[in-house]
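Since we're looking at a predicted model, the values are computed, not measured.
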Amino acid sequence: MYRLLAVLIACFALLFAACGDDSSSESEATPEAAATEEATPAANESLPEGCEDVAKPAPKDVGELKKPTEKLDKSKTYIATVATTCGEFEITLDAKRAPITGGSFKYLADQKFYDGLTFHRIVPDFVIQGGDPAGTGEGGPGYSVEEAPPSDLKYEEGIVAMAKTADEPAGTSGSQFFIVTGAAAAQLGPDYALLGKVTEGMDIAKKIGNIQAGPDGAPAAQVVMKNVTVEEK
């Protein structure tokens, strides 16, 4: 489950413009520290400078999680800090427009669900996708929530949204999320639940997006989320 746009990605690999905008084609160290610390050379030539060379982790047993009822407080600001083996970036969760989706993401982060998971799909100038405990694009938390995306949502660079399968209603989400890293995603219709936007460290997200990947988006080198935390600011 939860594979993001497998058919669209395949089309994109050949000629993105030929795919059109048919939504039925879906399937589903900090930046500051990097400036002060010496970058660790990558042994894997597929990794950008500054990324750690790590092995692909085994599938993560996340146990049985209850479907959360938590919603973000629309009057507050929530920042998700994602520390990866390529650096750190921050996502400002959209509490006003996506309190249910954000509440589920915060719940998973609080449960340390994302710690040790990879970005299992990378499509240059399009998206990077992670949050699957199986590491294959087929896993999730064992539940889903629904929240209609804003009708005017544009998947522009930095936007973070949730992946879903083709047969799930618009706004359905589990644990897998994607970050828009290029203009090509702007053609997508508002089907994918909004989570927020990268507001710090977009250079790290784009660095991850530059890792070589196969036609199915499987990266040639691993990027692991060391930990994901959500705090009120």
Side-chain angles (χ1 to χ4, degrees), residues 1-10 13 26-29 42-44 46-48 51-68 70 80-89 91 101 103-123 126-145 160-168 172-179 181 192-193 195 204-205 207-230:
M1 294 180 65
Y2 307 105
R3 290 176 295 170
L4 168 66
L5 306 174
V7 174
L8 184 55
I9 286 173
E26 322 122 62
S27 66
E28 181 185 330
N44 189 325
S46 298
L47 280 168
C51 292
E52 300 174 40
D53 188 9
V54 295
K56 184 175 181 178
K60 182 176 181 179
D61 182 2
V62 296
E64 295 184 8
L65 297 175
K66 294 182 179 180
K67 183 175 180 178
E70 179 180 2
T81 302
V82 183
T84 80
T85 50
C86 278
E88 183 176 289
F89 58 86
I91 303 168
T101 306
S104 175
F105 183 88
K106 181 178 183 301
Y107 166 77
L108 291 173
D110 290 346
Q111 297 293 320
K112 301 188 182 302
F113 178 95
Y114 290 110
D115 297 7
L117 303 189
T118 66
F119 285 94
H120 62 272
R121 178 168 289 117
I122 295 174
V123 184
F126 188 42
V127 301
I128 59 174
Q129 183 177 334
D132 173 18
T136 62
E138 301 289 338
Y143 71 83
S144 64
V145 298
V160 186
M162 306 301 292
K164 73 178 191 69
T165 60
D167 57 352
E168 290 177 316
T172 300
S173 64
S175 61
Q176 293 190 40
F177 64 93
F178 63 92
I179 301 171
T181 56
Y192 306 96
L195 180 62
I204 301 299
K207 178 189 289 190
I208 296 170
N210 287 331
I211 294 174
Q212 298 175 8
D216 61 350
Q222 302 301 312
V223 177
V224 175
M225 289 180 269
K226 295 180 176 181
N227 57 75
V228 177
T229 57
V230 177

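- The side-chain contact (heavy atoms from CB on, under 4.5 Å) search around Ala205 returns Ile128, Ile179, Met202, not counting sequence neighbours.
- For Ser104, the side-chain hydrogen bond (donor to acceptor under 3.5 Å, both in side chains) partners two or more places apart in sequence, or in a different chain, are Tyr143.
- Scored by the side-chain contact (heavy atoms from CB on, under 4.5 Å) test, Ala218 finds Asp216 as partners (sequence neighbours excluded).
- Considering all non-hydrogen atoms of both residues, Ser173 and Ala193 come closest at CB-CB, 4.4 Å.
- Scanning all heavy atoms of the two residues, the minimum distance from Thr172 to Ser144 falls at CG2-CB, 3.9 Å.
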Note to self: Please evaluate residues Thr136 and His120 with respect to the criterion side-chain contact (heavy atoms from CB on, under 4.5 Å), reporting the C-alpha separation (whole Å), side-chain torsions for both, the decisive distance (0.1 Å), and the verdict.
What the structure shows: CA-CA 7 Å; Thr136 62; His120 62 272; over 6 Å; no
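- Rounding to the nearest 0.5 Å gives a distance of 6.5 Å between CD1 of Ile204 and OG1 of Thr84.
- The heavy-atom pair separating Ala55 from Gln222 by the smallest distance is C-CG, 4.0 Å.
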Next item on the list: Tell me, with the steps shown, if Lys207 and Val223 meet side-chain contact (heavy atoms from CB on, under 4.5 Å).
Entry: CA-CA 10 Å; Lys207 178 189 289 190; Val223 177; over 6 Å; no
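- Residues satisfying the side-chain hydrogen bond (donor to acceptor under 3.5 Å, both in side chains) criterion with Ser46, sequence neighbours excluded, are Asn44.
- For the pair Val145/Lys67, a side-chain contact is recorded, criterion being any heavy-atom separation below 4.5 Å from C-beta on.
- With sequence neighbours excluded, the residues forming a side-chain hydrogen bond (donor to acceptor under 3.5 Å, both in side chains) with Asp110 are Lys106, listed by chain and number.
- Proximity of the aromatic rings of Phe105 and Tyr114 is defined here by a centroid distance below 6.0 angstrom, and this criterion is met.
- Asn227 has its side chain out of reach of Lys112: every pair of non-hydrogen atoms, C-beta onward, lies at least 4.5 Å apart.
- The shortest heavy-atom contact between Lys60 and Asp115 is NZ-O, 2.7 Å.
- Between Phe119 and Phe89, the angle of the ring planes lies from 30° to 60°, which puts this pair in the tilted group.
- Side-chain contact between Met162 and Tyr192 is absent, with no heavy atoms from C-beta onward closer than 4.5 Å.
- The minimum heavy-atom distance between Ser175 and Gly140, with the atom names listed, is OG-CA, 3.6 Å.
- Heavy-atom minimum distance, Glu138 versus Gln176: N-NE2, 4.0 Å.
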Next item on the list: Carefully, step by step, assess Asp132 and Leu117 under the rule side-chain contact (heavy atoms from CB on, under 4.5 Å).
Entry: CA-CA 7 Å; Asp132 173 18; Leu117 303 189; 5.9 Å; no
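- In this structure the side chain of Val62 never reaches within 4.5 angstrom of the side chain of Leu108, judged on heavy atoms.
- Under the side-chain contact (heavy atoms from CB on, under 4.5 Å) criterion, Val224 pairs with Val54, Pro57, Thr85, Thr118, sequence neighbours left out.
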